[in-house]
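Values below: all heavy atoms of this structure, side chains included; hydrogens, waters and symmetry mates excluded.
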Amino acid sequence: MKVRLPLMVQDPATSRVKGIKTTETFYAYGDDFYDGPVTERFAVLDLDPDSGDLLPGVKFVPPGDLMAHYDVPRLAQPGRKTSEYDITSPAFKQAAVLSMALRTLFLFERNKDDDDDVIGRRVQWAFEAPQLFLVPRAGTSANAWYERGSHSIQFFSFPSRRDGGQTVHTCLSRDIVSHETTHAILDAIAPDLYDAITPQSLAIHEALADLGAAFMSFESGNVATQVLKETRGEIEDTTAFSSIAEEFGQARDASGRTHYLRNLYNDLALGDMVEERPAPHDLSLVLSGALYSLLVRLYKQVLRPEVAKKY
């Protein structure tokens with residue numbers, strides 16, 4: 001069965017500023033899609049932001065006259081064949097967070113017969129349960145995290161320090177959802193890293209999770225087209241590829257000087273870490289910066305000549 005799912009292209013604020021579409025479509029395959037949304041690998045548990053009570057899940061519409069999909073409301077747009085999804089609705093947040101998690105998992109698993117496979121096998125979660133819980137509105141905080149003990153990824157919402165205090169939902173950030181899902185996948189592959197106490201070991205987790213988010217941006221045709229047009233085919237500068245969680249970073253800085261949470265395009269070295277025991281997120285930039293620089297070099301050697309013909 002083929003299922004049509006809504007997928008965030010970028011953070012809502014970033015999409016508006018850069019003129020990128022807010023959503024695109026991801027087509028998933030399988031016979032295990034249910035109301036919630038619930039699948040064999042994930043289960044979305046949406047909480048009321050005021051009471052904390054569990055909310056009803058979005059309804060799954062099986063295939064019929066239309067392709068199988070979730071019943072996500074759309075905004076009325078006269079004169080257009082296809083209306084935009086209402087990203088403010090609980091149903092959209094529920095379906096979109098599942099979509100991004102599935103898309104990230106697919107990046108790592110692929111099909112065993114696919115030449116572009118990464119690990120080429122089914123990921124088994126690092127806990128004794130088949131499903132990873134996705135909580136799109138876990139509470140009020142400028143945060144999101146994967147937690148092995150509760151078998152969950154929890155996404156929080158918070159008021160922006162800019163834009164008149166508009167609420168920022170981390171579950172609507174493509175980068176954040178893919179980052180946290182990559183944490184869960186890495187925990188399944190190398191569980192000892194999750195229990196590490198050294199900042200260097202924890203930084204490996206953060207760096208690879210950021211790279212997972214970057215690769216999800218590469219996979220988006222809408223993001224890739226916009227970035228390559230703006231940069232005339234280059235990817236090394238600060239763009240939607242290298243900048244992680246732009247809306248999140250901007251919302252936390254009332255001064256307006258911060259444009260992202262982290263930037264993978266950097267030349268940081270261990271000697272640049274001034275603190276005696278740097279935080280894992282800061283330390284991760286050394287590794288993610290080195291790996292992103294390698295990615296840029298490979299791109300220039302292999303893909304840039306073809307891309308140059310288009311941009």
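If you take OG1 on Thr170 and NZ on Lys93, they are separated by 11.0 Å, rounding to the nearest 0.5 Å. Summarising the geometry, atom CZ belonging to Arg257 is positioned 10.0 Å from atom NE2 belonging to His259; distances are rounded to the nearest 0.5 Å. The CD1 atom of Ile189 sits 6.0 Å away from the CZ atom of Phe108 when rounded to the nearest 0.5 Å. Atom CG of residue Leu211 and atom NE2 of residue His179 lie 10.5 Å apart, to the nearest 0.5 angstrom. The CG atom of Leu134 sits 8.5 Å away from the OG atom of Ser152 when rounded to the nearest 0.5 Å. Interatomic distance, CG of Leu98 versus SG of Cys171, reported as 12.5 Å (0.5 Å rounding).
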Could you give me the CA-CA distance, side-chain angles and deciding distance for Asn222 and Gln10, then say whether side-chain contact (heavy atoms from CB on, under 4.5 Å) is met? CA-CA 9 Å; Asn222 286 294; Gln10 272 289 2; over 6 Å; no

Could you give me the CA-CA distance, side-chain angles and deciding distance for Leu208 and Leu291, then say whether side-chain contact (heavy atoms from CB on, under 4.5 Å) is met? CA-CA 9 Å; Leu208 294 179; Leu291 293 175; 4.3 Å; yes

ring-ring contact (aromatic ring centres under 6.0 Å, His included) between Phe248 and Phe158: does it pass, once the steps are laid out? CA-CA 10 Å; Phe248 184 93; Phe158 65 99; 5.2 Å; yes

Between Phe92 and Met8, is the side-chain contact (heavy atoms from CB on, under 4.5 Å) condition met? List the steps. CA-CA 10 Å; Phe92 178 84; Met8 290 298 295; 3.5 Å; yes

Trace of the side-chain contact (heavy atoms from CB on, under 4.5 Å) decision for Tyr27 with Met67: CA-CA 10 Å; Tyr27 296 102; Met67 184 183 301; 3.6 Å; yes

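Between Phe106 and Leu102 the shortest side-chain heavy-atom distance does not fall below 4.5 Å. Between Leu264 and Phe241, the closest side-chain pair of non-hydrogen atoms is not below 4.5 Å. Side-chain contact between Tyr85 and Arg74 is present, with heavy atoms from C-beta onward closer than 4.5 Å. At least one side-chain heavy atom of Leu55 sits under 4.5 Å from a side-chain heavy atom of Arg137. Side-chain contact check for His205 versus Pro280: every heavy-atom pair is 4.5 Å or farther apart.
The heavy-atom pair separating Ser243 from Asp175 by the smallest distance is O-OD2, 3.4 Å. Residues Ser99 and Leu5 come closest through the heavy atom pair OG-CB, 3.6 Å. Minimum heavy-atom separation, Gln250 to Thr258: CG-O, 3.4 Å. Ser150 and Gln154 get closest at one heavy-atom pair: OG-NE2, 3.8 Å. Heavy atoms only, all atoms of each residue included: Val58 and Ala91 are closest at CG2-CB, 3.8 Å. Between Ala144 and Glu180 the shortest heavy-atom distance is O-OE2, 3.2 Å.
Contact check on Arg262 versus Asp210 returns a salt bridge, with a Lys/Arg side-chain nitrogen under 4.0 Å from an Asp/Glu carboxylate oxygen. Between Arg103 and Glu24, none of the side-chain N atoms (NZ, or NE/NH1/NH2) sits under 4.0 Å from a carboxylate O, so this pair counts as no salt bridge. Classification of Arg162 and Asp253 as a salt-bridged pair fails, no side-chain N sitting under 4.0 Å from a carboxylate O.
Checking side-chain atoms of Lys59 against main-chain N and O of Tyr70 turns up no donor-acceptor pair under 3.5 Å. One N or O on the side chain of Glu247 and one on the backbone of Ala13 form a donor-acceptor pair closer than 3.5 Å. Not a single donor-acceptor pair under 3.5 Å links the side chain of Ser51 to the backbone N or O of Asp48. Although no hydrogens or angles enter the test, the distance criterion places no donor-acceptor pair under 3.5 Å between the side chain of Asp195 and the main chain of Asp192. Looking only at distances, no side-chain donor or acceptor of Thr181 sits under 3.5 Å from a matching main-chain atom of Ser178. Between the Asp11 side chain and the Thr14 main chain, no donor and acceptor come within less than 3.5 Å of each other. Although no hydrogens or angles enter the test, the distance criterion places no donor-acceptor pair under 3.5 Å between the side chain of Arg304 and the main chain of Tyr299. At least one donor-acceptor pair closer than 3.5 Å links the side chain of Trp125 to the backbone N or O of Pro130.
Asp267 CG: 12 or fewer foreign heavy atoms inside a 6.0 Å radius. Around CZ of Arg297, the count of heavy atoms belonging to other residues, nucleotides or ligands within 6.0 Å does not exceed 12. Other residues, nucleotides and ligands contribute only 12 or fewer heavy atoms inside 6.0 Å of the CZ atom of Arg161.
Hydrophobic clustering of Ile, Leu, Val, Met, Phe, Trp and Tyr side chains at less than 4.5 Å, counting indirect connections, keeps Leu202 apart from Ile204. Residues Phe215 and Tyr260 do not share a hydrophobic cluster, defined by chaining ILVMFWY side chains whose heavy atoms lie under 4.5 Å apart. Taking hydrophobic clusters as Ile, Leu, Val, Met, Phe, Trp and Tyr residues chained together by side-chain heavy-atom distances below 4.5 Å, Tyr29 does not share a cluster with Met100. The same ILVMFWY cluster, assembled from side-chain heavy atoms under 4.5 Å apart, contains both Phe60 and Val97. Tracing side-chain contacts under 4.5 Å through hydrophobic residues (I, L, V, M, F, W, Y), one never reaches Tyr34 starting from Leu54; they form parts of separate clusters.
Between the side chains of Glu84 and Thr22, not a single donor N or O lies within less than 3.5 Å of an accepting N or O. Donor-acceptor pairing under 3.5 Å is lacking for the side chains of Ser141 and Asn143. No side-chain donor-acceptor contact under 3.5 Å links Thr39 and Asp32.
With sequence neighbours excluded, the residues forming a side chain to side chain donor-acceptor pair (under 3.5 Å) with Glu246 are Lys18, listed by chain and number. By the ring pair (Phe, Tyr, Trp, His ring centres under 6.0 Å) test, His69 is found to be paired with no residue, residues two or more places apart in sequence or in another chain being considered. Checked against ring pair (Phe, Tyr, Trp, His ring centres under 6.0 Å), His169 has no partners two or more places apart in sequence or in another chain.
The side-chain contact (heavy atoms from CB on, under 4.5 Å) with His183 is formed by just one residue from the set Arg148, Glu206, Glu147; it is Glu206. Checking each of Arg121, Arg122, Arg41 against Glu109 for a salt bridge (charged side-chain N to carboxylate O under 4.0 Å, His left out) leaves exactly one that passes, namely Arg41.
Using cut-offs of 30° and 60° for the angle between ring planes, the Tyr292 and Tyr265 rings count as perpendicular.
Remark: aromatic rings of Tyr194 and Tyr146 are close, center separation under 6.0 Å.
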